[in-house]
Structure formats: C-alpha cells, structure tokens
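Since this is a predicted model, take the numbers as computed values, not measurements.
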Amino acid sequence: RVLSDAEARDDYDVLVFGKEGKDAASPTEATTTVNFVVGAEKLRAAEKSSKGKVTRGTSKTPKKEPPKFLQDFQKQLAERVAKAKRHMSKGQEALEAGKHQEAASHFQAAMTLDPRNTRAKALYNKSSSQHRNRKADEFFKQAQDALLAEDTKRAAELMQKAVDCKPTKGKYYNEFGKLVTQHTLQQRVGLELLRKAVELESRNIDYTLDLA
C-alpha cells in the first residue's frame, strides 16, 4: 500500500534513505512491473478455498484408462512375476531335497523373469556353489580311483575337472600338482599347481612342504 501510493512512497524514501538518498534511489524491477492490488492476500485465500471445494450437483470426471500397450505391458509383467514365484517355490523344494543343480536352474529362471528378486540371486549362488562342491568332490574321488588303477592320464583329466568345478580349493590344486610332478615331465606346470594350493591355503603346512 505504501509503495503503490506516490506520496506515501516519497515519505517512506525520506524515512529510509534520507533526503539526499531519496533522489539517488531508483525503483526496482519488481515495483515497476507488478500491479499492486489492495487486499491481494484475501483474494488469494478466497481463490484457494474455492479450488478445494467441489461444486454440488457436478459429476466427477471419469478416470481415464491407460493406453492398451501399457495395459499389455503390465499384464506381461504380472505374468513374468507369477512365473518367477513358481520357479522360486520349485527351487526351494529342490534345494531342500539336495538337488542343487535343479535348484540352481529354477533360481536362475526366477532371476531372469524378475531381475528385482534379490533372494533368487542369493539362492542361485548358494545352490550353484553347493552343486560345484559336490561335482568337484565326485571328480576328485574318481581321480583317486583312477590312480589306484594306475591310469594316470584319466586321473589327470578328472583332477582338472575337479579344479575347474572348485577353483578356490587348495586340496585339488595340491593333489593335481603332485600328480603332474610325479608322473610327467612337466615339472613347471606341477610347481605352478602346488604354488596355487599354497596361495589359496597358506596356513596348510602340508601344501607348503609339498611345494618345497
């Protein structure tokens, strides 16, 4: 109200800037471009209240249906999630029954169908790891049987499979390294396998002595 009244504004400028500063003061962009209206706050409050009220006798606007392509996409997504849940259920049953390979297959399918399913990923890693452990142990036992039968070539092939199934276990590297150094001329290869066993399980004194 003060700034929109020329006389009141002059008095205000004198009060704030003094008589000398009054002449130096220039109107800001806001005061030159905005139309000041008396009671603007009341008008805004009335406008807000009218927007919040629903006029009697008027019907609400019907909710607009999403496009067909979006409906189809949502339907496909729901079907994928439902399939993922079925695979999760079958995978858990197989895991409890000790069928680790089958369980891993179901959990992998669940991961593919529903990438947001973090539990499927965790169970897949668990079941696949258990499956590799079991397979590696089977190959290792078969390799020992082949050694007893003096079939060193077959034993080496089975040892390699055991290492491939479980490349983090020092036992398989150590036994494979001893097999190579004792029954072949590839001493360097055997030493590398023995070094790998020590690297994986440095606290195992037997592996260190075999390498020495």
Side-chain angles (χ1 to χ4, degrees), residues 1-97 99-133 166-169 199-200 202-203:
R1 292 195 187 104
V2 172
L3 297 179
S4 60
D5 186 295
E7 293 181 3
R9 183 188 179 98
D10 289 340
D11 294 337
Y12 176 80
D13 289 342
V14 172
L15 178 65
V16 176
F17 301 107
K19 292 182 179 180
E20 295 180 357
K22 173 182 174 299
D23 298 330
S26 59
T28 63
E29 182 180 353
T31 58
T32 58
T33 57
V34 174
N35 294 323
F36 291 91
V37 180
V38 178
E41 293 182 1
K42 293 182 179 179
L43 290 174
R44 283 199 299 271
E47 186 179 342
K48 286 182 181 179
S49 62
S50 64
K51 286 182 179 179
K53 295 179 181 178
V54 179
T55 306
R56 293 181 180 179
T58 58
S59 59
K60 294 183 179 180
T61 306
K63 190 175 180 181
K64 189 176 181 181
E65 290 291 331
K68 188 178 183 305
F69 78 90
L70 185 58
Q71 293 180 23
D72 293 340
F73 174 75
Q74 291 173 340
K75 183 179 178 181
Q76 291 175 5
L77 185 60
E79 291 175 352
R80 288 172 65 89
V81 172
K83 287 181 180 178
K85 288 181 179 179
R86 288 196 292 270
H87 279 292
M88 283 290 293
S89 178
K90 291 180 180 178
Q92 289 173 335
E93 291 176 1
L95 190 62
E96 291 173 359
K99 301 176 181 178
H100 302 115
Q101 185 177 11
E102 182 181 342
S105 177
H106 282 297
F107 292 135
Q108 187 176 29
M111 286 166 50
T112 305
L113 291 166
D114 186 8
R116 298 173 300 176
N117 193 335
T118 55
R119 178 167 171 75
K121 184 177 181 180
L123 290 174
Y124 167 75
N125 292 333
K126 178 182 177 181
S127 57
S128 59
S129 177
Q130 291 176 342
H131 172 64
R132 288 195 301 270
N133 286 341
K166 195 65 178 177
T168 58
K169 194 164 185 176
E199 179 184 331
L200 290 171
S202 58
R203 294 186 178 184

Between the side chain of [X] and the main-chain N/O of [Y], is any donor-acceptor distance below 3.5 Å?
X	Y	answer
Arg132	Pro167	no
Ser127	Tyr124	yes
Thr112	Gln108	yes

- Task: Mind checking side-chain contact (heavy atoms from CB on, under 4.5 Å) for Met88 and listing every partner two or more places apart, or none if nothing turns up?
- Result: Gln92, Phe107, Ala110, Asn117, Arg119, Ala120, Leu123

- Task: Quick one: list whatever passes side-chain contact (heavy atoms from CB on, under 4.5 Å) with Arg86, sequence neighbours left out.
- Result: Ala82, Lys83

Find the distance between [atom1] ([X]) and [atom2] ([Y]) and round it off to the nearest 0.5 Å.
X	Y	atom1	atom2	value
Leu113	Leu77	CG	CG	10.5 Å
His131	Glu102	NE2	CD	11.5 Å
Ser105	Lys99	OG	NZ	13.0 Å
Lys90	Leu95	NZ	CG	16.0 Å

- Query: More than 12 heavy atoms of other residues, nucleotides or ligands under 6.0 Å from CD of Gln74: is that the case?
  - Reply: yes

- Query: Taking only residues two or more places apart in sequence, or in another chain, which ones meet Gln130 in a side-chain hydrogen bond (donor to acceptor under 3.5 Å, both in side chains)?
  - Reply: His100

- Task: List in chain and number order the residues that pass side-chain hydrogen bond (donor to acceptor under 3.5 Å, both in side chains) with Asn133, two or more places apart in sequence or in another chain; answer none if no residue qualifies.
- Result: Lys166

- Message: According to salt bridge (charged side-chain N to carboxylate O under 4.0 Å, His left out), who are the partners of Glu79, at least two apart in sequence or on a separate chain?
- Response: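 With sequence neighbours excluded, Glu79 shows a salt bridge (charged side-chain N to carboxylate O under 4.0 Å, His left out) to no residue whatsoever.
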
- Message: Less than 4.5 Å apart, side chain to side chain, heavy atoms only: is that true for Lys85 and Asp114?
- Response: no

- Taking all heavy atoms of Gly91 and all of Ala103, pick out the closest pair and write down the distance.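 Heavy-atom minimum between the residues: O-CB, 3.4 Å.
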
- Task: With sequence neighbours left out, write down each residue that passes ring pair (Phe, Tyr, Trp, His ring centres under 6.0 Å) with His87, or none if nothing qualifies.
- Result: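 So His87 forms a ring pair (Phe, Tyr, Trp, His ring centres under 6.0 Å) with His106.
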
